[in-house]
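Here is the structure we will look at.
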Amino acid sequence: MDELSVTLDYLLSIPSEKCKARGFTVIVDGRKSQWNVVKTVVLMLQNVVPAEVSLVCVVKPDEFWDKKVTHFCFWKEKDRLGFEVILVSANKLTRYIEPCQLTEDFGGTLTYDHMDWLNKRLVFEKFTKESTSLLDELALINNGSDKGTQQEKERSIDMNFLPSVDPETVLQTGHELLSELQQRRFNGSDGGVSWSPMDDELLAQPQVMKLLDSLREQYTRYQEVCRQRSKRTQLEEIQQKVMQVVNWLEGPGSEQLRTQWGIGDSIRASQALQQKHEEIESQHSEWFAVYVELNQQIAALLNAGDEEDLVELKALQQQLSDVCYRQASQLEFRQNLLQAALEFHSVAQDLSQQLDGLLGMLCVDVAPADGASIQQTLKLLEEKLKSVDLGLQGLREKGQSLLDQISNQASWAYGKDVTIENKENVDHIQGVMEDMQLRKQRCEDMVDVRRLKMLQMVQLFKCEEDAAQAVEWLSELLDALLKTHIRLGDDAQETKVLLEKHRKFVDVAQSTYDYGRQLLQATVVLCQSLRCTSRSSGDTLPRLNRVWKQFTITSEERVHRLETAVAFHLSAEKILQECPEQPEAFNEMERFDEIEAVGKSLLDRLTVPVVYPDGSEQYFGSPSDMASAAEHIREKMKLVSLKKQQLRQPEATTPES
């Protein structure tokens, strides 16, 4: 009975008050029930819906109940029940109820599917319940966002932001339900069924439409609230991320750069600083990537943002850009400074190695084999010195460039005054350049000394070579004197010419000897200056003196022979040119003897070799050459002898006559 009471209450809640005012006709199908059950149901109607029921039709079964009992009971209780109860057969219900209101079971035309009606009713009630609850929630959210301070608004939104059901799902359910209702399928009928006064009330289309309209309105407002909150949340997230980037860059990021101010004192130290800087750059890169992402998000919001957000967004973007660009500039400046320092130390190391090599070359004593090797060594020395000059010039350029970068470093570069740190860097750079300049100056001084010494050695070798050449020349002159200066002349004039040529020849030999002596004297002076012993002058001087002595002896012998030949030719030619009638010719017979003696002496001298102090001997020319020279003397002696005989013949004939 309780379940039946609840069911009746539920069914009465469906029609509108207007519909209820017309009154209900209740059909109690008692065809398969006992009378006591039917009676109980009828009596219960009096307790549940007495005002709304105007007629109760009890469909009696084929085997009718006891007329007296049934008729008496309903008639007796009519006034107390408040409605009329009639017993009627199923086929006679149309007398009281229109056929369109009756199902086929009661002889009507109403097509009714209870399960279909129940399913749709459940959908309707679920939609009504959810939409009503959702409307209350959305109204609370929307109303909370419309009033109060911004802080209260955000608190209200936070507390009631998420509805208990999905608005999109509820709206979709409502639209589907409305579509079903508009197709007149809510009561299970198909198209073509005549209109029923209960249709509009039962289908409740206006209620669904009203709920949908209210839902759409509140949901639109809710979406706007969500959009505003999402935009605010996104803006707050962006602001939070921007502050994270700014705080890191101005905090730990700047602190990392503050601790990195040195440039190192060597290539290895500069490379270590560069590696450390790369680690710092790697950490900054992660935050710069966040900056790029945030900048893109801010740009997108600026393109689609409201006027009220533009100022705040632009301020965030400007703040973020300023900090990132300033930090990036500091990183780039530091990287360029370290690269310049590395190049400076690289050039300094190369220059130091060049100076070490040059100094090592200068510290080794020079022991060249000849002048050519000295010239080659001197050329190599000059090339190394030139390379050092170029290296020092390059070091000055790199150092000045590095000093310029340091001097251009402003205090904002690391967020503090860097004068003290810069002074240490400047002192180091200037100290390196000054040290290299001093080392280069010392090497230049040593090069000047070495150059003078090597030039003196070149001159020494040259003097020794020239002195040896002078000895060779003098030896060649001696050889020429012995081999080619053989003729004594055919007459006095020719012999005098030969004698004059010989004197000139001796002058040449004397100049050669004097030149050799001067060179050897210069060699002695250079050896004393170089504090060394000449390798060849000790041998050259005796050779020069020996050759010159041999040349002198040979020359004197040549002069003696030519002078003797001149005297012989003069005396012989004078005798031969005198006429026999000249009386002095007959008075000077002894002159013939003298001429013959001179001739014989000359011939004898031609056969005698030149003897040198060392005991060696040399002949003038070959034996045939000497024989040819002696032949001319003999012929001249024969002429003189013939002349002597001619002079003696007259003297012999005079006594006879």
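Nothing here was measured: the structure is a model prediction, and the numbers come from that model.
For H345 and H428, the ring centers sit closer than 6.0 Å to each other.
The side-chain contact (heavy atoms from CB on, under 4.5 Å) with Q319 is formed by just one residue from the set M243, K314, Q239; it is M243. Here the options are D2, D9, T7, the test is side-chain contact (heavy atoms from CB on, under 4.5 Å), and the partner is S5; only D9 passes.
Between K129 and E125 there is no salt bridge, since no side-chain nitrogen of the basic residue lies less than 4.0 Å from a carboxylate oxygen of the acidic one. With respect to the salt-bridge test (charged N to carboxylate O, under 4.0 angstrom), the residues D427 and K423 qualify. Classification of R216 and D213 as a salt-bridged pair holds, one side-chain N sitting under 4.0 Å from a carboxylate O. A salt bridge links E255 to R258: one of the charged nitrogens lies within less than 4.0 Å of a carboxylate oxygen.
Q354 contributes atom CD, which lies 10.0 Å from atom CG of L392 (distance to the nearest 0.5 angstrom). For the atom pair NE2 (H114) and CH2 (W117), the distance works out to 6.5 Å, reported to the nearest 0.5 Å. One distance of note links CG of L294 with CD of Q240; it measures 11.0 Å at 0.5 Å rounding. Separation of atoms OG (S285) and CD (E278) is listed at 10.5 Å; rounding is to 0.5 Å. Put simply, CD on E176 and CG on L171 are 11.0 Å apart, with the number rounded to the nearest 0.5 Å. For the atom pair CG of L257 and CD of E281, the computed distance is 9.0 Å after rounding to the nearest 0.5 Å.
Sparse packing is recorded around OH of Y325, with 12 or fewer heavy atoms of other residues, nucleotides or ligands lying under 6.0 Å away. With a 6.0 Å radius and a threshold of 12 heavy atoms from other residues, nucleotides or ligands, E332 has its CD atom at or below the threshold.
Between T25 and C57 the shortest heavy-atom distance is CG2-SG, 4.2 Å. The two residues A90 and R31 have their closest heavy-atom pair at CB-NH1, 3.6 Å. Between A340 and L402, the shortest heavy-atom contact is CB-CD1, 3.7 Å. Looking at every heavy atom in both residues, G391 comes nearest to V347 through O-CG1, 3.9 Å. The shortest heavy-atom contact between S164 and S133 is OG-OG, 4.2 Å.
Residues E137 and Y222 have side chains that never bring a donor and an acceptor to within less than 3.5 angstrom of each other.
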